[in-house]
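Quantities reported herein were computed from a predicted structural model and do not represent experimental measurements. Only heavy atoms go into these numbers, but all of them, side chains included; no hydrogens, no water, no symmetry mates. This chain uses plain numbering: 1 for the first residue, then up along the sequence.
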Amino acid sequence: MGCPYGSHRVLEPVDVLPQAAWKLEHSLPIYPNELLIDVEMLNIDAASFRQMREQARTEDGIAELIIQTVRDRGKQHNPVTGSGGMLIGTVREVGEGWTGNVAVGSKIATLVSLSLTPLNLEQIHSINLNTCQVRVTGQAILFESGLFAVLPADLPQDFALSILDVAGAPAQTAKLVQAGDTVLIIGAGGKSGLLCLYEAKKRVGVTGKVIALAYDEQDYERIARSQLADVILVGDARQTLAILHKVQVATDGALADLTINCVDVPGTEMSSILCTKDNGTVYFFSMATSFTAAALGAEGAGKDVRMLIGNGYTKGHAEIALAAGRSMREKGYL
């Protein structure tokens, strides 16, 4: 039996877990407590995909970066952003010591990062620049501790994958929002932002307020169509003082009880912190976040706020996210 957390697949450096490792080993046969998956699609996380697109500029260039990363590291772990994504595929083999409930032939989505998933790619077939999804042929290995979801039959698999990729955001929002809260969602026009809007609007009640920050007019229109925001602001979250002024006006100076950051670019930490009232909460879902910048920036600005790392897992997150995605798809919002 291999280590349930996958340390037996670490090639370098030794004595670390797979996510922290530089390189993983993906050779066969699998260990008794592993799953072997025939991979059909990678859903690259937004921060990683943006970085690769800016570096490579073309689909062929992005494909070469992905192939090179997997060849060098045995996993899709972007060496610049440190992030990965997730995948869908079909279970090819279930280790004889696997304790979970899954059968050969099941179509599943992994709910753990590609940055810790042993991966071997044979071919990249296509790249969707709008959805960050990459159709591939390859194999992946899931460890005993690895979470996954069987894909629902009533949703297109690429849509379900895109929702499950950000499942932690709406689920954590559902846990954090209280009735009467003023909630600010930065990056509200994107996939995770819209799902967070949905969950926040459900929970703030008639005395609460949901404020959406859109980057541009396209985001604004998408948010407006959803009718999930009480106030929609437009601006670049990297322009801290300008965003602070907009939020001060929208809240009569009270600021937000809860700020949720869903953007895929760095440099938005201080907008999130300054727009949140003292003793409020900032949830950094974005993998582009510098937690050093956030911690030192809050200290320098004298802001007493609770800052949460965007944990992609909370109990029931897949079910919550799929329910939200299903409802928003039926209404034409996603």
Trainee: Go through the structure and list residues passing side-chain hydrogen bond (donor to acceptor under 3.5 Å, both in side chains) with H317, not counting sequence neighbours.
Mentor: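 If we apply the side-chain hydrogen bond (donor to acceptor under 3.5 Å, both in side chains) test to H317, skipping adjacent residues, there are no hits.
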Trainee: Which other residues end up in the same hydrophobic cluster as Y31, if Ile, Leu, Val, Met, Phe, Trp and Tyr are linked when side-chain heavy atoms come under 4.5 Å apart?
Mentor: none
Trainee: How are the rings of F148 and W98 set to each other: parallel, tilted or perpendicular (split at 30° and 60°)?
Mentor: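 Ring orientation of F148 relative to W98: tilted.
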Trainee: With respect to I186, which candidate in V247, L213, L233, I260 satisfies the side-chain contact (heavy atoms from CB on, under 4.5 Å) definition?
Mentor: L213
Trainee: Is the number of heavy atoms from other residues, nucleotides or ligands within 6.0 Å of NZ (K23) greater than 12?
Mentor: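 Counting neighbours around NZ of K23, 12 or fewer heavy atoms of other residues, nucleotides or ligands fall under 6.0 Å, so no.
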Trainee: Please, which pairs that meet side-chain hydrogen bond (donor to acceptor under 3.5 Å, both in side chains) have at least one residue in residues 278-289, sequence neighbours excluded?
Mentor: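 Matches after skipping sequence neighbours: T281-R306.
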Trainee: Would you please name every residue forming a salt bridge (Lys or Arg N to Asp or Glu O under 4.0 Å) with R225, sequence neighbours left out?
Mentor: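 Applying salt bridge (Lys or Arg N to Asp or Glu O under 4.0 Å) to R225 gives none.
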Trainee: Tell me whether H125 at atom NE2 has more than 12 heavy atoms from other residues, nucleotides or ligands lying less than 6.0 Å away.
Mentor: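 Atom NE2 in H125 is packed in, count exceeds 12.
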Trainee: By salt bridge (Lys or Arg N to Asp or Glu O under 4.0 Å), which residues pair with R53, not counting sequence neighbours?
Mentor: none
Trainee: Got a list of side-chain donor-acceptor pairs under 3.5 Å for residues 155-171, not counting sequence neighbours?
Mentor:
{"unit_1": "Q157", "atom_1": "OE1", "unit_2": "K107", "atom_2": "NZ", "d": "3.1"}
{"unit_1": "S162", "atom_1": "OG", "unit_2": "F159", "atom_2": "O", "d": "2.7"}
{"unit_1": "D165", "atom_1": "OD2", "unit_2": "N43", "atom_2": "ND2", "d": "2.9"}

Trainee: Taking only residues two or more places apart in sequence or in another chain, which ones pass salt bridge (Lys or Arg N to Asp or Glu O under 4.0 Å) with K175?
Mentor: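 Result, salt bridge (Lys or Arg N to Asp or Glu O under 4.0 Å) vs K175: none returned.
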Trainee: Cluster partners of V10, using ILVMFWY side-chain heavy atoms under 4.5 angstrom, listed by chain and number?
Mentor: V16, L24
Trainee: Partners of D252 by salt bridge (Lys or Arg N to Asp or Glu O under 4.0 Å), sequence neighbours excluded?
Mentor: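 For D252, no residue satisfies salt bridge (Lys or Arg N to Asp or Glu O under 4.0 Å) once neighbours in sequence are set aside.
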Trainee: Check side-chain contact (heavy atoms from CB on, under 4.5 Å) between N101 and all other residues, then give those that pass, not counting sequence neighbours.
Mentor: none
Trainee: Pairs in or reaching into residues 188-205: which pass side-chain hydrogen bond (donor to acceptor under 3.5 Å, both in side chains), with residues at least two apart or in two chains?
Mentor: Y198-S327, E199-R203, K201-D230
Trainee: What side-chain hydrogen bond (donor to acceptor under 3.5 Å, both in side chains) pairs are there with at least one residue in residues 56-69, not counting sequence neighbours?
Mentor: Q68-R71, Q68-D72
